[in-house]
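Inspection log for the structure reproduced underneath, given as structure tokens.
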Amino acid sequence: MMAENIYETALQQFDQAVQHLDINPGIVKYLRVPKRELCVNFPVEMDDDSVQVFTGYRVHHSTALGPTKGGIRYHPGTTLDEIRALAMWMTWKCAVVGIPYGGAKGGVICDPKTLSLRELENLTRRYATEISVLMSPQGDIPAPDVGTGEREMAWIMDTYSMHHGFSVPAVVTGKPLAIGGSQGRAEATGRGVVVTTIEALKRRNLAMEDTRIAVQGFGKVGAPAAYLAQEHGATVIAISDVDGGIYNARGLDIPDVRAHFATHRTLTGYPKGESIANAELLELDCDVLMPCAMENQITAENAPRIKARIIAEGANGPLTPDADALLLKKGVFIIPDILCNAGGVTVSYFEWVQDLQSFFWGEDEINERLRRIMVRSFNQVMLVAQEKKLDMRTAAQVLGIQRVAEAMQWRGIYP
Ligand code: GLU
């Protein structure tokens with residue numbers, strides 16, 4: 001079976017959501033396409049003195065609510081369509097949590113694991129230069145995504161600042177604390193996943209203490225989500241990374257797993273759990289499944305075997321539309337990506353605000369503001385779902401699209 005094209009998924013979700021809205025058909029047509037797309041082919045000097053040409057993208061989906069915001073991914077399988085989908089989802093995500101941004105996404109087709117540190121830095125600085133025609137604190141603010149992190153954001157900030165002759169921290173978020181990053185940003189996405197999971201559990205009269213959780217992914221999202229879930233009393237029975245997973249029915253000690261991961265850079269060989277395949281993890285008997293890795297993990301093929309009662313989408317697009325339909329029919333409560341993983345961009349917004357004001361907040365304040373926004377957004381999506389009798393994903397899309405369309409209505413069509 002061909003891998004699902006997530007841009008088609010995003011368009012399908014959009015088409016379904018707009019049926020429940022009364023918006024100008026012209027605006028619907030415009031929101032269905034990205035506002036602008038940049039494709040860059042650029043050379044990078046490699047360690048063996050050869051020159052390799054890489055392809056990268058930066059797509060802006062909408063600027064109706066403010067500057068565009070969204071991460072940059074480094075992945076060998078990246079395509080323009082994937083970036084288009086992720087940019088569109090960023091637009092709805094920012095609107096759902098009520099932060100004044102439009103959606104963007106960027107990516108470079110590469111396998112960062114095969115690049116040396118110097119090659120990665122060369123690639124990042126050159127890509128940043130190539131997309132600097134779009135990037136600015138007022139126009140487009142990148143952030144980390146799959147395959148990138150604070151190190152890459154630091155290089156982007158420095159490259160942009162070198163071109164301007166002064167430091168411009170607000171041009172990118174997810175930076176190290178030392179150069180204008182925010183407290184709480186590193187675990188913000190995972191924190192949001194846990195906050196929305198607690199809300200979903202309440203709707204099922206369950207508490208974290210009664211909950212067995214399986215987490216797919218042990219990166220920027222999965223690792224903090226697993227840790228925070230355990231801190232809230234949940235039993236994390238399984239986690240995985242790209243190489244495979246570990247399982248312990250009595251629960252894994254996440255700080256201990258983290259220590260193993262820090263030393264070995266893999267979960268494989270962790271002594272206090274059985275090893276399991278990624279596919280098995282998804283099908284475990286658990287209460288909550290948190291897919292926090294890549295898109296298209298749960299498909300029509302494995303959806304019938306999913307046992308979780310709640311799915312918290314830490315990743316973007318982890319369910320195919322067919323899987324989504326099957327799981328809804330089974331009565332699974334799905335916390336959709338554009339709500340569930342919005343904690344990351346929310347604290348990115350806090351970081352940007354702090355950078356613009358050169359005034360930094362404490363961690364407690366950030367975590368509390370994040371929690372309030374996630375709970376409020378969850379309740380607002382839930383309300384739309386109840387009022388319009390929709391599933392949570394469609395309700396979140398409806399809420400996001402409606403907010404963007406309203407902004408466009410007020411702004412009017414130029415000229
Ligand atoms: N890449 C993250 C996402 O998909 C964060 C984006 C941001 O912080 O701008 O939401």
Side-chain angles (χ1 to χ4, degrees), residues 34-45 53-63 66-75 78 83 86-87 90 94 99-110 112 115 117-183 185-186 188 220 344-345 347-360:
K35 179 187 173 71
R36 53 173 85 97
E37 307 179 338
L38 177 68
C39 170
V40 292
N41 298 301
F42 59 93
V44 176
E45 204 165 70
V53 179
F54 289 86
T55 300
Y57 308 103
R58 186 74 183 165
V59 172
H60 293 177
H61 173 259
S62 163
T63 53
T68 52
K69 189 84 191 79
I72 289 171
R73 61 170 55 182
Y74 289 175
H75 195 272
T78 288
I83 302 299
L86 294 161
M90 283 309 300
C94 293
I99 58 177
Y101 288 139
K105 204 73 168 200
V108 177
I109 307 171
C110 68
L115 299 173
L117 193 66
R118 198 178 75 95
E119 290 168 341
L120 257 181
E121 181 169 350
N122 287 349
L123 178 143
T124 303
R125 288 187 182 277
R126 182 62 190 247
Y127 170 71
T129 304
E130 296 289 340
I131 66 161
S132 63
V133 290
L134 294 182
M135 193 171 44
S136 75
Q138 299 78 29
D140 178 31
I141 308 122
D145 197 76
V146 173
T148 63
E150 59 175 14
R151 181 181 61 190
E152 287 74 17
M153 300 308 116
W155 289 329
I156 293 174
M157 180 272 201
D158 184 69
T159 301
Y160 187 89
S161 299
M162 287 299 116
H163 294 169
H164 286 76
F166 46 85
S167 288
V168 191
V171 74
V172 63
T173 61
K175 299 179 296 297
L177 269 181
I179 55 166
S182 177
Q183 298 281 355
R185 176 63 184 87
K220 293 187 291 291
V345 73
V347 178
S348 274
Y349 167 62
F350 297 161
E351 180 175 335
W352 178 74
V353 169
Q354 293 170 84
D355 288 339
L356 289 175
Q357 303 185 342
S358 297
F359 180 74
F360 291 86

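Side chains are part of it too, since the values below use all heavy atoms of this structure and drop only hydrogens, waters and symmetry mates.
Residues passing the side-chain contact (heavy atoms from CB on, under 4.5 Å) test with Leu177, sequence neighbours excluded: Gln183. Scored by the ring-ring contact (aromatic ring centres under 6.0 Å, His included) test, Tyr101 finds Tyr349, Trp352 as partners (sequence neighbours excluded). Residues passing the ring-ring contact (aromatic ring centres under 6.0 Å, His included) test with Tyr74: none are found, sequence neighbours excluded. Taking Glu45 as the reference, nothing meets the salt bridge (charged side-chain N to carboxylate O under 4.0 Å, His left out) condition, with sequence neighbours excluded.
Using a 4.5 Å heavy-atom cutoff, the side chains of Thr78 and Ile83 are in contact. Contact of the Ile131 side chain with the Ile72 side chain is registered, since non-hydrogen atoms from C-beta on lie closer than 4.5 Å. Residues His163 and Val168 fail the side-chain proximity criterion, which asks for heavy atoms closer than 4.5 Å. Looking at heavy atoms from C-beta onward, Glu152 lies out of side-chain contact with Pro144 at the 4.5 angstrom threshold.
Legend: ring-ring contact (aromatic ring centres under 6.0 Å, His included) pairs involving residues 133-160, not counting sequence neighbours, sorted by first then second residue: Tyr160-His164. Among pairs with a residue in residues 128-137, those fulfilling side-chain hydrogen bond (donor to acceptor under 3.5 Å, both in side chains) read Arg126-Glu130, at least two apart in sequence or across chains.
Note that CE of Met135 and CZ of Arg58 are 8.5 Å apart. Values are rounded to the nearest 0.5 Å. Note that the NE2 atom of His61 and the CG atom of Leu86 stand 12.0 Å from one another [nearest 0.5 Å].
None of Thr63, Ile141, Leu134, Val59 except one satisfies the side-chain contact (heavy atoms from CB on, under 4.5 Å) rule with Thr68; the exception is Thr63.
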